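None of these values were measured; they are calculated from a predicted model.
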Amino acid sequence: MDESARLTAVLRPVRSGNAFEETVERLLQAIKLGVVAEKLPPERELAVRLGISRVTLREAIRALQEAGYLDVRRGRYGGAFVTYTPPPPRSEDLRKAVADMGADELADALTFRLAVECGAAQVLAAAALAGELTAERRDMLRHRLAEVNSASPDDYRRLDTAFHLAIAELTGSPLLAATCADARLRVTDLLNAIPVLQRNIEHAAVQHEAIVTAILTGDPDAAGRAVAEHLEGTAALLRGFLLPRG
């Protein structure tokens, strides 16, 4: 699975009633998740993916350019280039994001993510157990693992997202991939507000390896447990940074 699969999970057709607003939402989701790290797909392709007119697409792109998320360049080598970078993590940003979300919504978002990501890993492991996981898909999972486990701190969040979304994408279910993307989006701003800690990266690398091993050896139960343990670590960091200062 390549960038096209990740785009499919996020850039789904919008409803006609609020085409402009939903197009802006879809594009922002793709940008914030790092699905498009450098440049949006060509206008013609993007309009087809979203099921909108090119006029509506251009209006949405213009709005995101004015908001500082995109830089639109004309000419042969032009296009809509991503200029957004997550702001440096600050504890006040995390508290604000959680305050805006609410404690109950945060707990719900974490539960939702746990359920869908554990499920995706179990489905993929079951495919491996049944001999249905092709060599190409196995190699892609290993590739995503190698990328995130060798990522620099500046690029870690984006490649960590790509790794987690790849598990759902590799099941071959667009609906499951889209659901996992939605679950990740619900906590993206919170994750971006947490400092990237080297010790946590090292621990996560071990957990990522355990997830991939369980999937590739066809052990759905172990895959689910490995994902649950990993996501509980993320939840613990969120809780830790949210504790009031003494």
- Test side chain to side chain contact (heavy atoms under 4.5 Å, CB included) on L141 and L133 and set out the steps. CA-CA 11 Å; L141 184 58; L133 196 58; 5.6 Å; no
- Item | Which atom of C118 lies closest to which atom of A228, heavy atoms considered | SG-N, 3.7 Å
- Query: Can you tell me if R54 uses its side chain to pair, donor with acceptor, with the backbone of A47 under 3.5 Å?
  - Reply: no
- Task: Report yes if some heavy atom in the side chain of V212 is under 4.5 Å from a heavy atom in the side chain of F163; otherwise report no.
- Result: yes
- Between V14 and F20, is any pair of side-chain heavy atoms under 4.5 Å apart? no
- Has E202 got more than 12 heavy atoms of other residues, nucleotides or ligands less than 6.0 Å from its CD? yes
- Query: Heavy-atom distance under 4.5 Å between the side chains of R184 and L191, does that happen here?
  - Reply: yes
- Look at D182 together with R186 and state whether they make a salt bridge at an N to O cut-off of under 4.0 Å. yes
- Heavy-atom donor-acceptor pair, R137 side chain to E132 backbone, under 3.5 Å: yes
- Message: Please check: side-chain N/O of E22 versus main-chain N/O of R15, any donor-acceptor pairing under 3.5 Å?
- Response: yes
- Item | Non-hydrogen side-chain atoms of Y69 and V82 separated by less than 4.5 Å | no
- Nearest heavy-atom neighbours spanning H230 and A204: CE1-CB, 3.8 Å
- Do L50 and T56 touch side chain to side chain, with heavy atoms closer than 4.5 Å? no
- Item | Close aromatic pair by centroid cut-off 6.0 Å: H208 and H164 | yes
- Under-4.0 Å salt bridge between E147 and R144: yes
- Indicate the atoms forming the closest heavy-atom contact of D71 with R73, along with that distance. OD2-NE, 3.0 Å
- Task: Please confirm whether the backbone N or O of L216 pairs with a side-chain atom of R138, one donor and one acceptor, at under 3.5 Å?
- Result: yes
- Task: Dump the intermediate steps for salt bridge (Lys or Arg N to Asp or Glu O under 4.0 Å) on D160 and R157, then the final yes or no.
- Result: CA-CA 5 Å; D160 180 61; R157 295 292 185 210; 5.5 Å; no
- Minimum heavy-atom distance A120-T171, with the two atoms named: O-CG2, 3.7 Å
- Query: Where do A177 and A168 come nearest, in terms of heavy atoms and distance?
  - Reply: CA-CB, 3.8 Å
- Item | Expected output: side-chain T83 to main-chain G68 donor-acceptor under 3.5 Å | yes
- Message: Between V36 and L27, is there a side-chain heavy-atom distance shorter than 4.5 Å?
- Response: no
- Query: Considering all heavy atoms of both residues, which atom of A223 and which atom of I215 are nearest to each other, and what is their separation?
  - Reply: CB-CG1, 4.0 Å
- Would you find more than 12 non-hydrogen atoms of other residues, nucleotides or ligands less than 6.0 Å from D139 atom CG? yes
- Non-hydrogen side-chain atoms of E232 and E229 separated by less than 4.5 Å: no
- Is any NZ, NE, NH1 or NH2 atom of the basic residue among R49 and E45 found under 4.0 Å from an Asp or Glu carboxylate oxygen of the other? yes
- Item | Test item: I167 and E117 side chains (from C-beta on) under 4.5 Å apart, heavy atoms | no
